[in-house]
Amino acid sequence: MDIAALAADARAAATRANHRRLVVLAGDRDACVDAAFDVLCGADVPDEETTIVSSREGFRFERLHPKQAGELLGSTRTAVVCDAHEEFSPNVVGRLVGAVDGGGLFVLLAPPLDEWPARVGSFEKSLAVPPFSVSDVTGRFRERLVSTLRDHPGVAIANVDDGVVERDGSAPSPPDVGDRSPSVPREHSFPRLAYESCLTGDQSRALRALERLSHPGEAVVAEADRGRGKSAAAGLAAASLAAAGRDVVVTAPSYRSAEEVFVRAETLLSDLDALAGHDAEAHLLRATPTNAESGRVRFADPPTAATLPDDPDVVLVDEAAALPVRLLSSFLDAPAAGFFTTVHGYEGAGRGFSVRFRDTLDASDFTVTDAQLDEPIRYARGDPVESWAFRALLLDARPPVDPLVEDATPDTVEYRAVSPSELLADDHLLSEAFGLLVFAHYRTEPNDLARLLDAPNLELRALLHEGHVASVALLAREGGLNAETRRSMYDGARVRGNMLPDVFTSQLRDEEAGVPVGYRVMRIATHHAVRSRGLGSRLLAEVRREFDDSADYLGVGYGATPELLSFWEANGYSTVHLSTTRNATSGEYSALMLRPLSAAGAALRDRHAEWFLDRISAVLSDPLRDLDPDVARAAIRACGGARDPSLSDREWRVVVGASYGPGIYSAAPEAFRRLALAHLVSPDRAPLDARAERLLVRKVLQGRPWTPVSEELGYVSEGQCMRALGDAYKPLVDEYGTESAREERARYTE
Ligand SMILES: CC(=O)SCCNC(=O)CCNC(=O)[C@H](O)C(C)(C)COP(=O)(O)OP(=O)(O)OC[C@H]1O[C@@H](n2cnc3c(N)ncnc32)[C@H](O)[C@@H]1OP(=O)(O)O
Ligand SMILES: Nc1ncnc2c1ncn2[C@@H]1O[C@H](COP(=O)(O)OP(=O)(O)OP(=O)(O)O)[C@@H](O)[C@H]1O
């Protein structure tokens, strides 16, 4: 059979089912490219409906570099050709498959399949982090990929070097799923035309749920895989709300990702004869006034939208999973809010939304309604290429279902080092472990699956309950760097895969920090059904035991929250750094912590913990001025150790004066700072309540003005806030005061 005929058959079958087909052309690169032309020609795909993603140039149809693969997200092509010979990564496949239309082809140009696992490309090179080399990187991900290509329905494989067709790509005909066309619900408050604009039944059901946003106090969460028409549903809802006079703010990580919302909203407003104006530059649609109100749909970037500019009636958040929780939380103050999120994000939006934000939303004053969009828009349900991508990239990996682990306790579980070969051999184990990591973390992407299977510096450890994953930790080996690498790091070069040594060396100017060997806990997650039973702590204790003789320290860096800081503190980790820029995905500042295993590790921890306390007051008064006071309290406390406030007699007179007598804080803020820090490092020495400690952080360490501090902390007046500060220092004077401080105090108390 020739390749053109193979392609023609594949396309005909795809068209019949409104599905896609995957055509793999394996062999020499030039021969693959020639064969791709035969495929497109045989399948009769017009050039203007084709995109090739390749590091090469000079094609007669649209060509994108693999680095630009993301540009295809959300667009629709009849054929997409992915040249996997160079610059190939799992993420690239993930970004491309969704763009192929029903009746279209996804064409993969690959090295000879038996050789592919051993081929080293730029992605594999990126996994060779110092001190490892490329020869330490394995080919398990590609081995697994090839085996899915060889046995998944709907995948045709032709060897272009010898012309042999290995598989013809047939797939069973799709089950008849009945009529899923959209309908206009019997009762509806949005215009009939909005429902008639829907393409699937799921979309019209989602729209019906979104009608609730016409009333204050309502929130709607629409969840869907890619390409289910959720942005379009948001647009239809926005237009319907605006046509009824509502002021709708639409936000998304970028305007580009919200464009579909505006396209759909504009079309509907104009179909309704309700479009009064379109200001493309301002991303604003005006609706014809009804009942003297004028409705509009406007875009605002997330930080602006978070301020609820001009008090909108409704906020619609597209791609909500990609926004930091801190920003998402500010939408809880809107009268009504719709959240649109991708469940299996090919670009790694992960489960951030449901994991981190859902509880907050449920606990808010909103009545929350869920809408799920399952029916794909671009192709019919049951598409074999989508299910191949899900399987090959584990996009549908999930933790074990609750009943399998819900009886797990630290006494029932078994600690296991799970090797990459074991993961490769056991798809269930792989899916459970990877699924737990995906569910629990903000960004886990297809490239992470390849890292897990092939990166030489990573180790997976798990607690298994009756063979199922209850808790998992991914560790990265760091440090052990030679003098040359350390010097170049000190001089500003980026050294991959060594996050903690890199921060210590390049930012904190410690050239020796890369000498000891550490394991950084990159990720840790306990199954949601069994959290807070001590499993996470048991896992960390086992890791500690295992690496006690082979490493100098264990470390971690993560978006700091008070709860996580206390979890790590309880497990013996000490704060050594707080980053001064917010993490782009979690919106939190990162905390770096260490737990020594050897004398060298202890020396590293001790000197960095001390430097941390030396600088934290100044840092809090400048770059970390907006750090949450509870994060500051927990981070300083978790530093451990003790701090001597070392106040001079004169400084004590001011502090005693301001607490027990008539003096004032502003006479010598620095003295108050040292004492505040001494207290926050060892808060148990002179217990203060949480509000008093927040006052120490906000006023004394962060140097904020009295008015906002007093409002934020709920004091009835500034005067009361000032007195509260004086009162907070009384127990500190009692605990830390020197002989002369006590004498000074006696003047007011005796
Ligand atoms: C590098 C990193 O990965 S940091 C990010 C850590 N991972 C995550 O945030 C994923 C989601 N969370 C989880 O999977 C778990 O909550 C873990 C891994 C943080 C803790 O695992 P668990 O098995 O619950 O730990 P364990 O039972 O030993 O300790 C729980 C204690 O940690 C603290 N804690 C940490 N995070 C939380 C949280 N989100 N909610 C409640 N308590 C928490 C509490 O002090 C808790 O004690 P408590 O139950 O008495 O209130
Ligand atoms: N009601 C509709 N009318 C016209 N086109 C639609 C409609 N719904 C969806 N589409 C088209 O289907 C495609 C997918 O829709 P949309 O972008 O809304 O999906 P999504 O679930 O947000 O997916 P993604 O996450 O991939 O952006 C888009 O090209 C869009 O133009």
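First listed ligand is number 1; within each ligand, the first listed atom is number 1. Residue numbers start at 1 and run along the sequence shown. Please read these numbers as outputs of a predicted model, since none were measured by experiment.
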Numbered atoms and elements of ligand 2 in range of Ser197, under 4.0 angstrom, heavy atoms
1 (N), 2 (C), 3 (N)
With heavy atoms of Ser537 as the reference, note each atom of ligand 1 found under 4.0 Å away.
26 (P), 28 (O), 29 (O)
Do any nitrogen or oxygen atoms of Cys198 come within less than 3.5 Å of a nitrogen or oxygen of ligand 2?
no
Set of residues satisfying ring-ring contact (aromatic ring centres under 6.0 Å, His included) with respect to Phe567, sequence neighbours excluded
none
Is the Phe504-His608 ring centre distance short of 6.0 angstrom?
yes
Would a line drawn from the ring center of His283 to the ring center of Tyr255 be shorter than 6.0 Å?
yes
Heavy-atom check, side chain of Phe357 versus side chain of Asp362, under 4.5 Å:
no
The atoms of ligand 1 lying under 4.0 Å from a heavy atom of Arg523, numbered in the order shown, are 3 (O)
If only side-chain N and O atoms count, and only distance matters, is there a donor-acceptor pair under 3.5 Å linking Ser231 with Asp318?
yes
Exactly one candidate in Glu260, Glu375, Glu319 meets salt bridge (charged side-chain N to carboxylate O under 4.0 Å, His left out) with Lys230; the answer is Glu319
Under 4.0 Å from a heavy atom of Glu260: which atoms of ligand 2 are those, numbered in the order shown and with their elements?
17 (O), 18 (O), 30 (C), 31 (O)
Salt-bridged, Arg633 to Glu693, with N to O below 4.0 Å?
yes
Please state which option from Arg531, Arg533, Glu569 has its nearest heavy atom closest to atom 11 (C) of ligand 1.
Arg531
In chain order, what residues pass the salt bridge (Lys or Arg N to Asp or Glu O under 4.0 Å) check against Asp628, with sequence neighbours excluded?
none
With heavy atoms of Ser566 as the reference, note each atom of ligand 1 found under 4.0 Å away.
45 (O)
Taking only non-hydrogen atoms of Leu535 and a 4.0 Å limit, the atoms of ligand 1 in range are 23 (O), 27 (O), 28 (O)
Can you tell me if Arg531 uses its side chain to pair, donor with acceptor, with the backbone of Thr526 under 3.5 Å?
yes
Taking only non-hydrogen atoms of Ala232 and a 4.0 Å limit, the atoms of ligand 2 in range are 7 (C), 8 (N), 9 (C), 18 (O)
Does ligand 1 come near enough to Ser532 that some N or O of the ligand is less than 3.5 Å from an N or O of the residue?
yes
Relative to Phe106, does Arg20 satisfy both conditions: NZ or CZ under 6.0 angstrom from the six-membered ring centre, and within 45 degrees of the ring's axis?
no
Closer than 4.0 Å to some heavy atom of Met522 - which atoms of ligand 1 meet that?
1 (C), 3 (O)
Can you list the ligand 1 atoms lying under 4.0 Å from a non-hydrogen atom of Val556?
1 (C)
Which residue from Ala206, Pro376, Gly227 reaches closest to atom 23 (O) of ligand 2 through any of its heavy atoms?
Gly227
Using heavy-atom distances, let me know which of Gln203, Lys230, Glu196 sits nearest atom 20 (P) of ligand 2.
Lys230
Please state which option from Val521, Thr526, Asn571 has its nearest heavy atom closest to atom 18 (C) of ligand 1.
Thr526
Polar atom proximity, Phe567 to ligand 1 (N or O, under 3.5 Å):
no
Output the list of atoms in ligand 2 that are nearer than 4.0 Å to some heavy atom of Glu319, sorted by atom number.
25 (O)
I need the contact type for Ala224 against ligand 2. Using non-hydrogen atoms and a strict under-4.0 Å cut-off, is it side chain, backbone, both or neither?
neither
Per-atom contacts of ligand 1 with Gly534, taking only distances under 4.0 Å to non-hydrogen atoms
26 (P), 27 (O), 28 (O)
Flag the pair Tyr519 / Tyr553 as yes when their ring centroid distance falls below 6.0 Å, and as no otherwise.
no
How does His528 reach ligand 1, if at all, at less than 4.0 Å between non-hydrogen atoms: by side chain, backbone, both, or neither?
neither
Looking at side-chain heavy atoms only, is the closest gap between Leu458 and Leu475 below 4.5 Å?
no
